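So the structure is just underneath, and the comments pick up after that.
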Amino acid sequence: MATPEPIRRFVEATNEGDTEAFLGTFTANASLADWGRSFHGREQIARWNQSDNIGVKSNLRIVRIAEADGSYHVRIAVTGEGFNGEGNMVFTMDGDRIASLVIS
């Protein structure tokens with residue numbers, strides 16, 4: 001399946017180290033859960049981005065993507081100065097932005 005535009009922008013912004021573009025992929029009141037840690041709104045997501053994503057030079061590659069129950073289930077490969085390996089991300093959209101992201 002084709003990668004939805006917000007997810008494509010999320011990956012590209014991360015790989016380009018573009019924090020402004022990365023944060024722009026989320027709704028103003030979006031939520032992000034990363035292995036039990038919860039972040040709400042762009043300000044908290046910006047802190048997560050600094051400690052766990054662009055701030056540790058993450059590079060993302062989509063391994064596979066599927067739509068189910070109104071969400072997109074993405075298997076993603078990560079390299080960088082933080083987590084390295086594969087993991088799962090579940091994206092829920094609100095129009096052309098990410099409303100919720102759950103990482104496991």
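These numbers were taken from a predicted model, which means no experiment stands behind them.
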Donor on one side chain, acceptor on other, Ser104 and Asn88, under 3.5 Å
no

Any side-chain donor near an acceptor of the partner, Ser71 and Thr92, under 3.5 Å:
yes

For a quick test of reading the model, state the closest non-hydrogen atom pair linking [X] to [Y] and the distance between them.
| X | Y | answer |
| --- | --- | --- |
| Ala13 | Ile54 | O-CD1, 3.7 Å |
| Ile65 | Pro4 | CD1-CD, 3.6 Å |
| Gln44 | Phe39 | OE1-CA, 3.3 Å |

Measure the spacing between [atom1] of [X] and [atom2] of [Y] and express it to the nearest 0.5 Å.
| X | Y | atom1 | atom2 | value |
| --- | --- | --- | --- | --- |
| Trp48 | Leu32 | CH2 | CG | 5.0 Å |
| Thr25 | Asp96 | OG1 | CG | 10.0 Å |
| Phe83 | Asn53 | CZ | CG | 12.5 Å |

Cluster link Val56 to Leu101, ILVMFWY, side chain under 4.5 Å
no

Taking the side chain as everything from C-beta on, heavy atoms only, tell me whether [X] gets closer than 4.5 Å to [Y].
| X | Y | value |
| --- | --- | --- |
| Val102 | Met89 | no |
| Leu23 | Ile45 | yes |
| Met1 | Tyr72 | yes |

Going by side chain to side chain contact (heavy atoms under 4.5 Å, CB included), name the residues that satisfy it together with [X], two or more places apart in sequence or in a different chain.
| X | value |
| --- | --- |
| Asn84 | Thr79 |
| Asn15 | Val11, Asn59, Leu60 |
| Ser31 | His40, Ser100 |

Listing request: all salt bridge (charged side-chain N to carboxylate O under 4.0 Å, His left out) pairs with a residue in [range], at least two apart in sequence or in separate chains.
| range | result |
| --- | --- |
| residues 9-26 | Arg8-Glu12 |
| residues 31-45 | Asp34-Arg37, Arg37-Asp52, Glu43-Arg47 |
| residues 80-90 | Arg75-Glu86 |

Please assess Val90 against Val74 for the test side chain to side chain contact (heavy atoms under 4.5 Å, CB included), listing each intermediate value before the final yes or no.
CA-CA 6 Å; Val90 178; Val74 179; over 6 Å; no

Could you check whether the rings of Phe26 and Phe10 sit parallel, tilted or perpendicular, using 30° and 60° as the cut-offs?
perpendicular

